[in-house]
Amino acid sequence: MSAADTLPRIGADEIGKFGKEVLLIDIRSPAEYRREHIAQALCIAPDELAEKLPSAAANADILVFHCLSGMRTAQAAATLAAAANGRTAYILDGGLQAWKKAGLPTVTDRSAPLDMMRQVQIGAGSLVLLSVIGGAVFSPVFYLLAALVGAGLLTAGLTGFCGMAKLLARMPWNQA
């Protein structure tokens, strides 16, 4: 049995048919949750489930875990199943995207900052694009910026330390 098979999948339109107390658990980051989430969902990261789920799910008959697309919940299925501790639990097939596609409501706060990974991707991608354009139009020296960004991304991938994320976290729009 693979990790993805440890919890069955359920469609967004099937959740309302239970007639029991269903607890929706969003396993995304708090920043992603703040930006858009299912109104009645709780945000609990997979590594915090053992600590927070017992009290949060005290009155729940059924647990439904979800993320944005369903990929993270599928990858964490074994951890989620263990945290469910024998309760009936599912993975929301297609995640928040499927919920919205089914026409179900979400709470949206576009003033909340993008999650840090997306900010890093936008920043790094912009720097590489601008440095390549600058290298082609003005001077090959601009290519050095692309090389530095690439080295930074490689370092982040190998070590888990991302200098750009640390810098972006200090920006005013990311301050609570």
Side-chain angles (χ1 to χ4, degrees), residues 2-4 7 9 11-12 24-52 64-80 83 91-176:
S2 72
L7 287 177
R9 294 176 180 271
L24 292 158
I25 302 163
D26 192 329
I27 67 164
R28 298 174 304 147
S29 73
E32 290 174 286
Y33 177 85
R34 276 191 306 273
R35 190 137 172 101
E36 183 174 27
H37 63 274
I38 298 170
Q40 60 270 34
L42 295 179
C43 180
I44 307 175
D47 60 342
E48 298 176 327
L49 283 169
E51 174 189 339
K52 294 183 178 180
V64 179
F65 298 99
H66 71 280
C67 60
L68 180 63
S69 68
M71 287 185 63
R72 281 180 272 186
T73 47
Q75 291 169 344
T79 302
L80 302 176
I91 289 175
L92 177 58
D93 195 23
L96 181 64
Q97 292 172 339
W99 182 271
K100 290 174 18 180
K101 191 173 183 179
L104 297 168
T106 61
V107 175
T108 304
D109 181 1
R110 295 290 177 215
S111 68
L114 294 172
D115 69 281
M116 193 54 63
M117 181 56 69
R118 286 193 57 200
Q119 290 184 48
V120 168
Q121 291 168 337
I122 291 168
S126 298
L127 287 172
V128 169
L129 179 62
L130 291 173
S131 65
V132 169
I133 291 170
V137 174
F138 300 110
S139 168
V141 172
F142 282 94
Y143 293 130
L144 291 174
L145 178 58
L148 287 172
V149 171
L153 291 172
L154 180 63
T155 301
L158 292 173
T159 66
F161 173 80
C162 181
M164 184 177 282
K166 297 285 186 194
L167 178 66
L168 287 169
R170 295 176 184 255
M171 294 294 123
W173 60 86
N174 286 320
Q175 302 305 308

Side-chain donor/acceptor pairs under 3.5 Å, residues 95-107, sequence neighbours excluded:
from   : atom 1 : to     : atom 2 : distance (Å)
Trp99  : NE1    : Pro105 : O      : 2.9
Lys100 : NZ     : Glu36  : OE1    : 3.0
Lys100 : NZ     : Glu36  : OE2    : 3.4
Thr106 : OG1    : Glu36  : OE2    : 2.8

Spatial distance of atom [atom1] ([X]) from atom [atom2] ([Y]) [nearest 0.5 Å]:
X      : Y      : atom1 : atom2 : answer
Leu80  : Gln75  : CG    : CD    : 11.0 Å
Met164 : Leu153 : CE    : CG    : 7.0 Å
Met117 : Ile122 : CE    : CD1   : 12.0 Å
Arg110 : Thr108 : CZ    : OG1   : 5.0 Å
His37  : Cys43  : NE2   : SG    : 9.0 Å

Any donor-acceptor N/O pair, Arg35 side chain to Ala112 backbone, under 3.5 Å | yes
Write down the atom of [X], the atom of [Y], and the distance for their closest heavy-atom approach.
X      : Y      : result
Thr79  : Pro46  : CG2-O, 4.1 Å
Val128 : Ser131 : O-OG, 2.9 Å
Gly11  : Leu92  : C-CD1, 4.0 Å
Ala83  : Leu49  : CB-CB, 3.7 Å
Cys67  : Ile27  : CB-CG1, 4.0 Å

Without placing hydrogens or testing angles, list every side-chain donor-acceptor pair under 3.5 Å for residues 132-152, not counting sequence neighbours.
from   : atom 1 : to     : atom 2 : distance (Å)
Ser139 : OG     : Val141 : N      : 3.2
Tyr143 : OH     : Ala136 : N      : 3.4

With a 4.5 Å limit on heavy-atom distance, are the side chains of Leu24 and Leu42 in contact?
-> no
Side-chain heavy atoms of Ile91 within contact of His66, under 4.5 Å = no
Can you pull the side-chain hydrogen bond (donor to acceptor under 3.5 Å, both in side chains) pairs that have at least one residue in residues 113-125, sequence neighbours excluded?
-> Gln119-Trp173, Gln119-Asn174
Could you list the residues that satisfy salt bridge (Lys or Arg N to Asp or Glu O under 4.0 Å) with Asp93, not counting sequence neighbours?
-> Arg9
Test salt bridge (Lys or Arg N to Asp or Glu O under 4.0 Å) applied to Glu48 - qualifying residues, sequence neighbours left out = Lys52
For residues 66-78, pull every pair meeting salt bridge (Lys or Arg N to Asp or Glu O under 4.0 Å), keeping only residues two or more places apart or in separate chains.
-> Glu32-Arg72
